[in-house]
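Because the structure is predicted, anything quoted here is derived from the model rather than measured.
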Amino acid sequence: MTWTDLPGDRPFVLLATRAEDLPADEEYALFLRYTGLPPERLRRIRLEREPMPPLDLDEIAGIMVGGSPFNASDALEKKSSVQRRVEEEMAALLDEVVARDVPFLGACYGVGTLGTHLDAVIDGTFAEPISVVEVTLTDDGRGDPLAAGLPHRFSAFVGHKEAITTLPETAVLLGSSPTCPVQMFRVGRNVYATQFHPELDVDGIVTRIHAYAGYGYFAADELQTTLAAVRRAPVTAPSRMLRTFVERYAR
């Protein structure tokens, strides 16, 4: 199926927060590639640049959230004014998204935003270095429409300073890894978050490694080790989720 075969003409929205243009533009390009959408059907909003505009949820097909250098669990005094604004805007949006069960897929930062909305415990207990991990689908995950076509176990790119320690009963666990118990979950029928990055390929994660080398994801002398870690296993399966999301919710 090509994008011209998709029903309807309502656009999807990508909410982004990366201030650096190179990884930000590459993130958008990767979402375009793996969703199969043309730019006119994937509207990017860079929240680090401007306040979130009003979104009429009846006029869009679904919302995706990219990764972010923001950490939801940071102390308030450590958060910039931009981060605080973004968190307030995301909280207000998720109030409506969750209540109406609007199609939503948050990648990495989706865990911080949706997890916070659910009052999940988010801290550094299950942080993962930039690397490739093996994600295992739960029984619920294997039966979930968004995981259609995914193997029971698959490799995925990760790199995060915080994660969900305790998932509330209102959420359904869909995927886990040995070093991070909550890799993917669902709320309602249509609201999803992943801790791993379904949008990334090797080139994309290498760009981010260089762009965020001074952000505390790895020590200054660990650059080459980190670059090697993301090449230790092929990562091909997670990106299928983006195409499945679009095919399921295009309208």
Side-chain angles (χ1 to χ4, degrees), residues 16-20 23 27 48 65-80 82-84 86-87 90 105-138 141 153-168 171 173-187 192-200 202 204-233 235 238 241:
T17 59
R18 298 185 185 280
E20 301 79 12
E27 177 181 73
E48 86 290 347
V65 177
S68 177
F70 298 155
N71 292 305
S73 62
D74 282 350
L76 184 62
E77 61 269 19
K78 291 185 177 181
K79 296 179 180 180
S80 67
V82 172
Q83 181 175 351
R84 292 195 296 268
V86 170
E87 289 180 350
M90 289 295 298
L105 175 57
C108 195
Y109 190 46
V111 167
T113 54
L114 184 57
T116 298
H117 184 271
L118 300 175
D119 292 325
V121 176
I122 302 175
D123 57 29
T125 303
F126 296 108
E128 292 176 300
I130 299 174
S131 59
V132 176
V133 301
E134 184 178 70
V135 176
T136 300
L137 294 175
T138 65
R153 293 185 178 87
F154 57 88
S155 296
F157 292 118
V158 298
H160 51 98
K161 300 176 185 177
E162 63 181 9
I164 291 178
T165 299
T166 304
L167 195 64
L173 180 65
L174 302 177
S176 183
S177 72
T179 50
C180 183
V182 181
Q183 284 285 356
M184 180 178 175
F185 67 93
R186 187 189 74 240
V187 180
Y192 294 89
T194 66
Q195 185 64 79
F196 59 88
H197 287 273
E199 83 284 4
L200 275 180
V202 171
I205 198 165
V206 166
T207 294
R208 293 186 194 178
I209 288 170
H210 287 289
Y212 298 110
Y215 281 63
Y217 290 99
F218 53 88
D221 61 351
E222 294 177 338
L223 174 61
Q224 294 305 317
T225 301
T226 303
L227 290 169
V230 299
R231 293 187 170 96
R232 71 173 185 81
V235 176
M241 292 173 51

Gln195 vs Val182, side-chain contact (heavy atoms from CB on, under 4.5 Å): CA-CA, chis, key distance, verdict: CA-CA 7 Å; Gln195 185 64 79; Val182 181; over 6 Å; no
Short side-chain donor-acceptor distance under 3.5 Å, Tyr215 and Arg208: no
Chi angles and distances behind the side-chain contact (heavy atoms from CB on, under 4.5 Å) call for Leu76, Arg84: CA-CA 8 Å; Leu76 184 62; Arg84 292 195 296 268; 3.4 Å; yes
Within-4.5 Å side-chain heavy-atom neighbours: Ile209 and Tyr217: no
For the student: nearest non-hydrogen atoms of Thr166 and Ala120, plus distance: O-CB, 3.5 Å
With Tyr109 via side-chain hydrogen bond (donor to acceptor under 3.5 Å, both in side chains) - residues at least two apart: none
Trace of the side-chain contact (heavy atoms from CB on, under 4.5 Å) decision for Val202 with Val235: CA-CA 8 Å; Val202 171; Val235 176; over 6 Å; no
Heavy-atom side-chain proximity of Leu114 to Tyr192 below 4.5 angstrom: no
Minimum-distance pair of heavy atoms, taken over all atoms of Val230 and Leu227: CG2-O, 3.2 Å
Inter-residue atom distance Phe218.CZ - Gln224.CD, 0.5 Å rounding: 9.5 Å
Check: Arg153 side chain, Glu134 main-chain N or O, donor-acceptor pair, under 3.5 Å: no
Test item: side-chain donor near acceptor, Glu128 and Ser177, under 3.5 Å: yes
side-chain contact (heavy atoms from CB on, under 4.5 Å) assessment of Thr194 paired with Leu174: CA-CA 9 Å; Thr194 66; Leu174 302 177; over 6 Å; no
Heavy-atom pair with the smallest gap, counting every atom of His160 and Phe126: CE1-O, 3.2 Å
Close side-chain approach of Thr17 to Pro69, heavy-atom, < 4.5 Å: yes
Expected output: side-chain Glu162 to main-chain Ala72 donor-acceptor under 3.5 Å: yes
Non-hydrogen side-chain atoms of Phe185 and Leu118 separated by less than 4.5 Å: yes
Heavy-atom closest contact (Pro181 atom, Ser176 atom, distance): O-OG, 2.8 Å
Gln183 versus Phe196, closest heavy-atom pair with distance: OE1-N, 3.3 Å
Closest approach of Glu27 to Gly66 (non-hydrogen atoms, all atoms of both residues): OE2-CA, 3.5 Å
Validation row: Ile122, Asn71 side chains within 4.5 angstrom (heavy atoms): no
